[in-house]
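To start, the structure under review is shown below, and the notes come after it.
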Amino acid sequence: MEATGRTVLCACSAFCLLFILTEVSSELIHIDPSVSHVTEGDSVFLSVKTNFSPDKADIQGTWFHTGMSGTNTRMLVTFTKTNEICNMKHCDQLVFNNSTFSLEIKNLNRKDEGDYHLSINIKYDNKPGDIEKEEKTVRVTVDVPVSNPAIEKSPSYAVIEDKANVTWTCSVENGTRVMFKWLRDNVALGPSDRYHYSQDNSTLLISPVRKEDKGSYHCVASNPVTRGQHSRAVELNVYYGPYNLEVNSVQGLRTGEVFTINPGELVFFECQADSNPPNSYVWISKTRNATQIVTEGPRLEVRSYRLAQAEEYLCRAFNNVTQKQDEAQFTLVVASLGTVLMSIYNKPFSEQKRPHRSGHEDATEDFGIYEFVSIPGKTESTQASCRSLARLESIQDMHTTIYDVIRHVPETPSHSLLK
């Protein structure tokens with residue numbers, strides 16, 4: 001019989017003794033359980049190990065096969081220590097080893113999968129009146145390899161976010177017990193309330209489609225005898241937006257939604273938003289309660305000498321497919337800044353929580369302390385741009401005054417920015 005060792009550490013006050021305790025296994029026969037998944041047409045070898053001496057005992061045993069449904073049990077081989085009889089219907093498929101009781105089944109098909117059961121009776125020569133019975137079972141599955149999967153998308157055209165659903169289907173011509181997995185841009189899809197899978201994952205419904213669903217999709221098919229087979233990639237095009245509309249300019253000095261520029265400067269503004277397809281843009285000027293379209297397109301050109309006063313502008317982005325639009329509004333002020341340097345310091349966090357009084361609905365960037373530094377000896381504008389002034393880091397020997405956040409925009413360029 002098979003002996004197994006176990007080490008026990010024993011301690012006492014006088015000495016420490018290390019010794020081995022042995023246990024005797026009651027398992028007389030053992031079948032390797034690792035053999036389970038087999039490709040159709042291949043062979044499987046059911047190896048049997050004995051923990052007794054067959055030469056000192058009489059042996060009588062039988063190999064049986066039972067289908068996966070649990071019915072239709074058939075005898076394959078019955079044997080003694082000296083003889084064997086195989087089922088005539090399966091003899092060409094079976095190879096039995098009489099010395100080890102192992103069994104090989106060749107050219108397996110789907111009907112051959114199921115439970116293989118070995119039952120053996122053992123009568124020892126030194127115990128003529130005792131008969132021991134041992135039984136072991138191992139399950140064998142037989143699968144057809146998976147072919148390359150095909151992927152389909154419905155509808156096949158681009159879809160509008162929040163208004164459409166998309167159904168993906170993955171299929172294979174060959175394969176049994178196929179498992180499917182979905183990837184977008186080579187990353188496995190994570191869980192989502194908008195993703196609905198069929199029981200075997202071969203179908204994926206995205207309902208509704210969102211911007212983040214755009215990308216390249218493919219499916220992977222596998223089974224116990226086939227590593228993942230990848231389909232071709234199919235693109236999902238989603239119409240969305242506009243999102244995150246912004247107006248920016250590399251010129252002038254920006255304070256929240258207020259741009260301040262020098263007299264005579266030519267300023268360009270860019271209007272950008274995330275959208276598919278690209279947005280159409282319209283620039284609108286708002287002066288004295290009157291509005292007019294200035295230009296179309298993502299870029300606005302403004303010549304400051306044409307401004308009689310501070311003006312409000314609005315960029316409107318419109319997606320012709322999604323029928324959605326967004327707007328961004330800003331104020332443009334012309335002021336001579338050649339003799340003024342503005343430095344913005346962060347307020348303490350507690351001061352940022354004061355009630356908002358800047359005059360803008362959303363002006364979280366307006367908060368701060370503005371330091372206006374008068375440069376001695378400079379009384380006339382040098383026509384330096386606001387951008388160059390903003391880059392000045394330090395000037396010594398200046399008279400400094402700390403002011404609170406600018407509360408309003410001057411009505412005319414001649415008024416002081418501090419009013």
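Index from 1, following the sequence.
In the displayed structure, Gln60 atom CD is contacted under 6.0 Å by at most 12 heavy atoms of other residues, nucleotides or ligands. For Lys324, the NZ atom is densely surrounded, since the number of other residues' heavy atoms within 6.0 Å is greater than 12. Annotation: Leu266, atom CG; neighbour count of heavy atoms from other residues, nucleotides and ligands within 6.0 Å is above 12. Crowding of Asp92 atom CG: a count of heavy atoms from other residues, nucleotides or ligands under 6.0 Å not exceeding 12. More than 12 heavy atoms of other residues, nucleotides or ligands lie within 6.0 Å of CD in Gln323, so this atom counts as buried by the packing criterion. Glu104 CD: more than 12 foreign heavy atoms inside a 6.0 Å radius.
Between Lys163 and Pro208 the shortest side-chain heavy-atom distance does not fall below 4.5 Å. Counting heavy atoms from C-beta outward, Gln251 and Ile261 have side chains that stay 4.5 Å or more apart. Residues Pro277 and Asn319 have side chains in contact (heavy-atom distance under 4.5 Å, counting atoms from C-beta outward). No side-chain heavy atom of His30 sits less than 4.5 Å from a side-chain heavy atom of Lys136. Residues Cys315 and Leu300 form no side-chain contact, since every pair of their non-hydrogen atoms from C-beta on lies 4.5 Å or further apart. Counting heavy atoms from C-beta on, the side chains of Gln229 and Ser147 never come closer than 4.5 Å. Looking at heavy atoms from C-beta onward, His90 lies out of side-chain contact with His65 at the 4.5 angstrom threshold. When side chains are defined from C-beta on, Ile59 does not count as touching Thr80, because their heavy atoms never get closer than 4.5 Å.
Formation of a donor-acceptor pair under 3.5 Å by the Asn279 side chain with backbone atoms of Tyr281 is not found in this model. A side-chain donor-acceptor contact under 3.5 Å links Glu265 to the backbone of Asn262. One N or O on the side chain of Ser249 and one on the backbone of Phe268 form a donor-acceptor pair closer than 3.5 Å. Between the side chain of Ser285 and the backbone N or O of Gln292 there is no donor-acceptor pair closer than 3.5 Å. A donor-acceptor pair under 3.5 Å is formed between the side chain of Asn109 and the backbone N or O of Lys111. Looking at Asn244, its side chain never comes within 3.5 Å of a backbone N or O of Ala273 through a donor-acceptor pair. The closest donor-acceptor contact from the side chain of Thr141 to the backbone of Ser36 lies under 3.5 Å. At least one donor-acceptor pair closer than 3.5 Å links the side chain of Thr226 to the backbone N or O of Val146. Not one N or O on the side chain of Asp58 forms a donor-acceptor pair closer than 3.5 Å with the backbone of Lys81. Side-chain N or O atoms of Arg254 include one that pairs as donor or acceptor with a backbone N or O of Gly256 at under 3.5 Å.
Salt bridge status for Arg194 with Asp162: absent, with no side-chain N to carboxylate O gap under 4.0 Å. Of the charged side-chain nitrogens involved, none lies within less than 4.0 Å of a carboxylate oxygen, so that Glu301 and Arg299 do not count as a salt-bridged pair.
When all heavy atoms of Val159 and Ala164 are compared, the pair lying nearest together is CB-CB, 3.7 Å. Closest heavy-atom contact between Thr39 and Pro145: CG2-CG, 3.6 Å. Closest heavy-atom contact between Asp326 and Pro242: N-CG, 3.9 Å. Residues Tyr124 and Glu132 come closest through the heavy atom pair CE1-OE2, 3.4 Å. When all heavy atoms of Pro224 and Arg177 are compared, the pair lying nearest together is CD-O, 4.0 Å. Taking both residues in full, the closest heavy atoms of Leu108 and Ser43 are given as CD1-C, 4.1 Å, listed atom of the first, atom of the second, then distance.
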Pairs of donor and acceptor atoms involving the side chains of residues 232-240, under 3.5 Å and at least two apart or interchain, shall be tabulated with distances.
| residue | atom | partner | partner atom | Å |
| --- | --- | --- | --- | --- |
| Asn237 | OD1 | Asn276 | ND2 | 2.9 |
| Tyr240 | OH | Asp274 | OD1 | 3.0 |

Between Thr255 and Thr260, is a side-chain contact (heavy atoms from CB on, under 4.5 Å) present by the stated rule, with each step listed?
CA-CA 8 Å; Thr255 306; Thr260 305; 5.5 Å; no
Set out, in order, the CA-CA distance, both residues' side-chain angles and the distance that settles side-chain contact (heavy atoms from CB on, under 4.5 Å) for Leu76 and Leu103, then state yes or no.
CA-CA 10 Å; Leu76 299 178; Leu103 179 67; 4.1 Å; yes
Let's go through Glu327 and Arg316 carefully: what are the C-alpha distance in whole Å and the side-chain angles of both, what is the deciding distance for salt bridge (Lys or Arg N to Asp or Glu O under 4.0 Å) to 0.1 Å, and is it a yes or a no?
CA-CA 4 Å; Glu327 297 178 348; Arg316 178 177 295 155; 2.6 Å; yes
For Ile105 and Leu94, what are the C-alpha separation, side-chain angles and deciding distance, and is it a side-chain contact (heavy atoms from CB on, under 4.5 Å)?
CA-CA 5 Å; Ile105 306 100; Leu94 303 175; 3.8 Å; yes
Pair Trp168, Leu189 - check side-chain contact (heavy atoms from CB on, under 4.5 Å), show working.
CA-CA 13 Å; Trp168 295 94; Leu189 289 181; over 6 Å; no
List the steps and the verdict of salt bridge (Lys or Arg N to Asp or Glu O under 4.0 Å) for Lys123 and Asp130.
CA-CA 6 Å; Lys123 186 170 87 171; Asp130 294 336; over 6 Å; no
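A distance of 4.0 Å separates CZ of Phe79 from CZ of Phe96, quoted to the nearest 0.5 Å. Atom CG of Leu118 is separated from atom CD1 of Ile31 by 5.0 Å, given to the nearest 0.5 angstrom. One distance of note links NZ of Lys49 with OG1 of Thr100; it measures 11.5 Å at 0.5 Å rounding. Going from atom CG of Asn201 over to atom CH2 of Trp182 covers 9.0 Å, rounded to the nearest 0.5 Å. Atom CD1 of Ile206 sits about 10.0 Å away from atom NZ of Lys153, to the nearest 0.5 Å. Separation of atoms CG (Asn51) and CD (Glu134) is listed at 8.5 Å; rounding is to 0.5 Å.
Every residue two or more places apart in sequence or in another chain that forms a side-chain hydrogen bond (donor to acceptor under 3.5 Å, both in side chains) with Ser207 is listed here: Asn165. Remark: Phe330 engages Phe259, Phe269, Tyr313 in a ring pair (Phe, Tyr, Trp, His ring centres under 6.0 Å) (not counting sequence neighbours). Residues passing the ring pair (Phe, Tyr, Trp, His ring centres under 6.0 Å) test with His230 are His218, sequence neighbours excluded.
Asp115 and Thr66 share no side-chain donor-acceptor pair at under 3.5 Å. Between the side chains of Asp55 and Ser53, no donor-acceptor pair is found at a separation under 3.5 Å.
Under the disulfide (SG to SG under 2.5 Å) criterion, the residue pairs touching residues 48-122 are Cys86-Cys91, with sequence neighbours excluded. The list of disulfide (SG to SG under 2.5 Å) pairs with a residue in residues 183-216, not counting sequence neighbours, is empty.
Classification of the His117-Phe64 ring pair by plane angle, with boundaries at 30° and 60°, yields tilted.
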